[in-house]
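Notes follow the structure.
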Amino acid sequence: MTDASPTQKLPIGVVISGGGTNLQSLIDRALDGSLPVEIKLVVSNNPDAFGLERAKKAGIPTRVVDHRGFGDRGAFEEALIEVLDGARVELVALAGFMRVLTPLFVNHYAGRLLNIHPALLPSFPGLNVQQQAIDAGVRFSGATVHFVTEGVDAGPIVAQAVVPILPHDDAKALAARILQQEHRLYPLAIRLFAEGRLSINGQRVEIQAPPTEAGPSLLNPPEGA
Ligand code: GRF
């Protein structure tokens, strides 16, 4: 797994399709020094994504790889890989990227491809998940950061945040409260990756204590605790 010492920032690429509020949270945390990454490139499949403006404002290079210009998913993904690898990124963070990825892309970035999803996976994968959670009558939803494997919104879970569903919530209100948590959760998960503290063990992600901390930590309590 990739390691980044305090002086060395992990080069990452962020792939978006839309407004980019999660991208903004990564930009802000990278700027204030609490996230040890350098965002090398922001790629969007949508030329009108507002996230591209956010990146430009922060001086981050942007590329548009418009899926509509390609004959099939494979050709689109080859082009995405070319721009991301060209920027020498070591982690790819999907942040509101609205295309389903095939094994071609997912396997190329195996173990270094993260996604954020606005529900508590494995419940409610797919689209319109805030409405789905309300309709199902669950009391809690939330956000999940996970490694991406084959399958829609599937893969080992790195971190989750729980958001209660309130009696009069509509999908918009719930989505807004979940987004607030996403903006906290994604930088945290990427920080753990950048610090080399994540390892995938089957379906589970193990989180190592920070190097300075000796012995068991809150994240990995001792057996039986
Ligand atoms: C977020 O809710 C994210 O979890 C989902 O799409 C939304 C993107 O929001 N995949 P933004 O573009 O980061 O504002």
Side-chain angles (χ1 to χ4, degrees), residues 12-31 35 37 39 41-58 60 62-67 80 91-102 105-106 109 113-136 138 140-166 169-191 193:
I12 75 167
V14 183
V15 184
I16 63 168
S17 296
T21 64
N22 277 292
L23 166 66
Q24 189 68 55
S25 76
L26 301 179
I27 292 172
D28 292 345
R29 297 290 78 78
L31 280 177
L35 179 60
V37 303
I39 304 173
L41 181 68
V42 171
V43 190
S44 174
N45 66 305
N46 168 13
D48 300 321
F50 183 67
L52 290 168
E53 303 308 315
R54 296 178 187 274
K56 284 176 194 156
K57 200 170 166 206
I60 298 167
T62 61
R63 290 289 294 271
V64 173
V65 181
D66 189 337
H67 59 281
L80 263 188
L91 171 72
V92 174
L94 307 178
F97 180 61
M98 301 306 282
R99 307 292 302 168
V100 173
L101 292 165
T102 76
F105 190 90
V106 168
Y109 293 109
L113 178 61
L114 291 174
N115 182 44
I116 187 157
H117 181 76
L120 293 176
L121 293 172
S123 292
F124 308 117
L127 296 175
N128 303 319
V129 294
Q130 297 89 351
Q131 189 62 52
Q132 283 185 50
I134 291 169
D135 292 346
V138 295
F140 296 93
S141 188
T144 303
V145 177
H146 62 100
F147 283 103
V148 178
T149 55
E150 290 179 35
V152 175
D153 299 317
I157 290 169
V158 177
Q160 293 186 301
V162 175
V163 175
I165 296 181
L166 303 178
D169 261 346
D170 59 14
K172 198 171 163 212
L174 178 59
R177 287 206 320 285
I178 291 174
L179 259 185
Q180 285 182 350
Q181 292 304 313
E182 293 185 44
H183 299 159
R184 193 182 59 81
L185 195 68
Y186 216 2
L188 169 72
I190 291 175
R191 185 188 174 108
F193 183 95

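Atoms within a ligand are numbered from 1 in the order they appear, just like the ligands themselves. Since the model is a prediction, treat every value here as computed from it, not as a measurement.
Contact residues for ligand 1 (protein heavy atom closer than 4.0 angstrom to any ligand atom): G19, G20, T21, N22, G96, I116, H117, P118, L179, E182.
The backbone N or O of L127 lies less than 3.5 Å from a partner atom in the side chain of Q132, making a donor-acceptor pair. Between the side chain of H146 and the main chain of A154, a donor-acceptor pair closer than 3.5 Å is present.
Within 6.0 Å of CZ in R63 there are 12 or fewer heavy atoms belonging to other residues, nucleotides or ligands.
With rounding to the nearest 0.5 angstrom, the CD atom of Q160 is 5.0 Å from the CG atom of L120.
A search for salt bridge (Lys or Arg N to Asp or Glu O under 4.0 Å) contacts involving R191 returns E195, not counting sequence neighbours.
Across N115, V43, L80, V92, a single residue satisfies side chain to side chain contact (heavy atoms under 4.5 Å, CB included) together with F97, and that is L80.
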